Amino acid sequence: MKHIQQKIIEFRDARNWRQFHNPKDLAISLSLEAGELLENFQWKSSEEAVQANFENIKDEIADVIIYALLLSHELGIDVEEAITNKIKKNEQKYPIEKSFGSKKKYNELE
């Protein structure tokens, strides 16, 4: 993960774009790219969208991840540690015996 994040930083810095990459604008860009990803699915079934827009979906996923990695870099967040910690929290919120095969949110599990 750190290797790919470094490649993104090098790409950005070679173009002198860091000046535009404050946390607020990176968060906005992340949200906009997620919206572009969603556009691929609008008015289609999941299967139709993937079949018709697979290459564009890959590009938009890459854009979302790139902005997320840039934002985490600017905030000094270790992405691997953050993901590991979030999985641990989710394991507590969604124990297998209560959540297996269920689409309910954690506060709806019995």
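Note that the structure is a prediction, hence the values are computed from the model and not measured.
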Item to check | Any donor-acceptor N/O pair, Asp63 side chain to Glu33 backbone, under 3.5 Å | outcome: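 Answer holds: no.
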Next on the checklist: Run Tyr94 and Lys89 through side chain to side chain contact (heavy atoms under 4.5 Å, CB included) and show every step you take.
Outcome noted: CA-CA 9 Å; Tyr94 295 96; Lys89 288 178 185 179; over 6 Å; no
Checklist entry - Which residues, ordered by chain and number, are linked to Ile9 in its hydrophobic cluster, where ILVMFWY side chains connect at heavy-atom gaps below 4.5 Å, directly or through other members? => result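 Ile9 shares its hydrophobic cluster with Met1, Ile4, Ile8, Leu26, Leu30, Leu37, Phe41, Val50, Phe54, Ile57, Ile61, Val64, Ile65, Ile66, Tyr67, Leu69, Leu70, Leu71, Leu75, Ile77, Val79, Ile83, Ile87.
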Calculate, to the nearest 0.5 Å, the distance between atoms [atom1] and [atom2] belonging to [X] and [Y] respectively.
X	Y	atom1	atom2	result
Gln5	Glu80	CD	CD	9.0 Å
His21	Asp13	NE2	CG	9.5 Å
Gln19	Asp25	CD	CG	11.5 Å
Arg12	Glu74	CZ	CD	5.0 Å
Ser102	Glu110	OG	CD	9.5 Å
Glu91	Lys93	CD	NZ	12.5 Å

Checklist entry - Stepwise, does the side chain to side chain contact (heavy atoms under 4.5 Å, CB included) test hold for Gln51 with Lys44? => result CA-CA 10 Å; Gln51 184 176 9; Lys44 298 173 183 71; over 6 Å; no
Item to check | SB check Lys7 Glu10 (cutoff 4.0 Å) | outcome: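 A salt bridge is absent here (no side-chain N lies under 4.0 Å from a carboxylate O).
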Checklist entry - Do Glu36 and Glu39 come close enough that some side-chain heavy atom pair is under 4.5 Å? => result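 Yes. Closest side-chain heavy atoms under 4.5 Å.
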